[in-house]
Amino acid sequence: VHTPLIDSTKAEIIGRGTELGVDFSETHSCYAPSLQGIACGHCDACLLRRKGFEEAGLKDPIAYQ
């Protein structure tokens, strides 16, 4: 099994994704999104994502409930 990001922080992953042109507005990490697909902003996955964007010095482009 190849896991190239296993030792990377969320900020590093977001930075690398940005370098590669990932459109993060088309993604979310939420465990409990609304029926419309809007992330809750409070689950562990949302909190880690938000922290990762903050530490990367970037604005998270998605809306939260």
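The shown structure was predicted, so the numbers you read here are calculated from the model rather than taken from an experiment. Counting begins at 1 with the first residue of the sequence.
Not a single side-chain contact (heavy atoms from CB on, under 4.5 Å) links Glu54 to another residue, sequence neighbours left out.
Annotation: side chain of Ser8 is not in contact with side chain of Arg16 (no heavy-atom distance under 4.5 Å).
Taking every heavy atom of both residues into account, Cys46 and Gly41 meet most closely at SG-N, 3.3 Å. Scanning all heavy atoms of the two residues, the minimum distance from His28 to Pro33 falls at CE1-CG, 3.9 Å. Residues Cys30 and Cys40 come closest through the heavy atom pair SG-N, 3.2 Å.
Grouped with Ile6 in a hydrophobic cluster is no other residue, since no side-chain heavy-atom contact under 4.5 Å to another Ile, Leu, Val, Met, Phe, Trp or Tyr is found.
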Return all side-chain donor-acceptor pairs below 3.5 angstrom for residues 58-65, not counting sequence neighbours, or 'none' if the list is empty.
from	atom 1	to	atom 2	distance (Å)
Asp60	OD1	Arg49	NE	3.2
Asp60	OD1	Arg49	NH2	3.0
Asp60	OD1	Ile62	N	3.3
Asp60	OD2	Arg49	NE	3.0
Asp60	OD2	Tyr64	OH	2.4
Gln65	NE2	Ile38	O	3.0

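The environment of Asp23 atom CG is dense: over 12 non-hydrogen atoms of other residues, nucleotides or ligands sit within 6.0 angstrom.
To the nearest 0.5 Å, atoms CG (Leu48) and CD (Glu55) are separated by 9.5 Å.
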